[in-house]
Structure formats: C-alpha cells, structure tokens
Amino acid sequence: MSNFTFTPTEIPAVQIVDVKAYGDARGYFMETYKAADFAAAGIRDTFVQDNQSGSRRGVLRGLHFQKQHQQAKLVRAIYGEIFDVAVDLRRGSATYGRWVGVLLSADNRRQLYIPRGFAHGFQVLSEQAVFAYKCDEVYHPGDEGGIRWDDADIGIVWPGQDTPILSEKDQHWPALRTLGIEL
C-alpha cells in the first residue's frame, strides 16, 4: 500500500503528489519519497541532488530551466506556503507554453513532480518559507536559462503581491517567444 497519491495536473506530465502522514500527540511521520511507489506511478527518475532555499514573503524565484542538462524535480514547502509554477517548454508538446500552478505548504504536505523540459518558479505567500527539492541532474551554472516571470504570452496568474521581490538575474530574463529554444 502506497503512502502517496499521484494526481495529474492540467499538463498531465506534471503531477501533484499527496503524502499520507501518520500523527499522534508527539507530532507526525511521513515518507516524502519512495522509488518503488514513484516508479509504479510512472515516475522513474533517479534523483541525484537535493536543494533547499529559504525566502520571505513576496520573493519570486524563477522561471528557471537548464538548457542542455535538463532537470526533473520533486518540490515541496517544508515551512510556510508557496505558489509553485511549471511552464511546458517541450517543443511539439500539445501544452507547449502553458503553465500550471499549485499551492504547496508545510500544512498540506503536498509535493509537485515536474519532469524534464519545464521551466520552474515559485512565489512565497507566507512570512517565511523553506523550499526543498530533488533533482535528477546536478546543477550546471553555465547551462542556466530563464523566462520572464510576467511573460504576457504565458499569462501566469501569481496570487502574491503585484510587485514581487526578484533577484537581479530574474528581473532580466527574456520572454519565451524570443528564446527560440527547443528542450
């Protein structure tokens, strides 16, 4: 019996992963990843790197992707609440250029699986948030790409403040249509 429920989003390759937690007066316990259960759901990536970041309300990180060394990701908020977004960059895909967004929080214990070929970003909705994710490929700094967080052609509806807090790099990514990328 699996402790995970896998639900495809509007872009079926991106899946919401609900995790069963076992609790009592002491707190709770939950599995956050189990290779056999994920493989049974069709997710067979071998994760090789775990990352974690902390951010404050209004911070928006993304939209990021790796050009040649693409990464599948399993993401979650381990503290606080974030709005997590995946944008389909797979040329020829029926959902190319479309996005899905999911609320992830420490309270809902929900995870999001994002396969290779997607840009990824998130915005912090709580006062503070800690975000953790697994990747199936190591990060290559010279291979990083990005898309504007407010690209009108993509049309992401971010639930946070209208003027997010962005890194210098995230302020200057181009629009998707100017990239001519094929992942």
Test side-chain contact (heavy atoms from CB on, under 4.5 Å) applied to Gln128 - qualifying residues, sequence neighbours left out: Arg56, Tyr79
Short side-chain to backbone donor-acceptor contact, Asp143 and His69, under 3.5 Å: yes
Partner residues of Asn3 under the side-chain contact (heavy atoms from CB on, under 4.5 Å) criterion, sequence neighbours left out: Lys20, Tyr22, Glu31
Polar side chain donor-acceptor pair, Arg61 to Ser55, under 3.5 angstrom: yes
Side chain Thr9, main chain Pro12, donor-acceptor under 3.5 Å: no
Which residues share a salt bridge (Lys or Arg N to Asp or Glu O under 4.0 Å) with Arg177, sequence neighbours left out: Asp153
Gln70 side chain to Gly117 backbone, donor-acceptor under 3.5 Å: yes
Contacts of Asp50 that satisfy side-chain contact (heavy atoms from CB on, under 4.5 Å) - sequence neighbours left out: Lys134
Charged N-O contact under 4.0 Å between Lys169 and Glu144: yes
Joint hydrophobic cluster, Ile154 plus Phe83, side-chain heavy atoms closer than 4.5 Å: yes
Shared-cluster residues of Val48, by chain and number - hydrophobic side chains joined below 4.5 Å: Val138
hydrophobic_cluster_shared for Tyr33 and Phe6, side chain cutoff 4.5 Å: yes
For the student: nearest non-hydrogen atoms of Ala119 and Ile147, plus distance: CB-CD1, 4.0 Å
Partner set under salt bridge (Lys or Arg N to Asp or Glu O under 4.0 Å) for Asp150, not counting sequence neighbours: Arg148
Residues which pass ring pair (Phe, Tyr, Trp, His ring centres under 6.0 Å) with Tyr133, listed by chain and number, not counting sequence neighbours: Phe131
Pairs involving residues 115-127, ordered by first then second residue, that meet salt bridge (charged side-chain N to carboxylate O under 4.0 Å, His left out) (sequence neighbours left out): Arg57-Glu127, Arg116-Asp136
Donor-acceptor contact present, side-chain Ser167 to main-chain Asp170, <3.5 Å: yes
Main-chain N/O of Trp149 paired to Trp158 side chain as donor or acceptor, under 3.5 Å: yes
Donor-acceptor contact present, side-chain Glu137 to main-chain Gln71, <3.5 Å: no
Linked, directly or transitively: Ile16 and Phe122 (ILVMFWY side chains, under 4.5 Å): yes
Members sharing Tyr139's hydrophobic cluster (side chains within less than 4.5 Å): none
Pair Asp18-Arg110, salt bridge (charged side-chain N to carboxylate O under 4.0 Å, His left out): steps then yes or no: CA-CA 5 Å; Asp18 287 303; Arg110 183 167 269 182; 2.8 Å; yes
Qualifying salt bridge (charged side-chain N to carboxylate O under 4.0 Å, His left out) pairs, either residue in residues 73-87, two or more places apart: none
Taking every non-hydrogen atom, the tightest pair across Leu60 and Pro164: CB-CB, 3.7 Å
Closest contact, heavy atoms only, Ala86 versus Val14: CB-CG2, 4.2 Å
Pairing residues for Arg109 by the side-chain contact (heavy atoms from CB on, under 4.5 Å) criterion, not counting sequence neighbours: Ala21, Tyr28, Met30
Side-chain atoms of residues 39-47: list all donor-acceptor pairs with protein atoms under 3.5 Å, sequence neighbours left out, distances to 0.1 Å.
from, atom 1, to, atom 2, distance (Å)
Arg44, NH2, Ala39, O, 3.3
Asp45, OD2, Tyr113, OH, 2.4

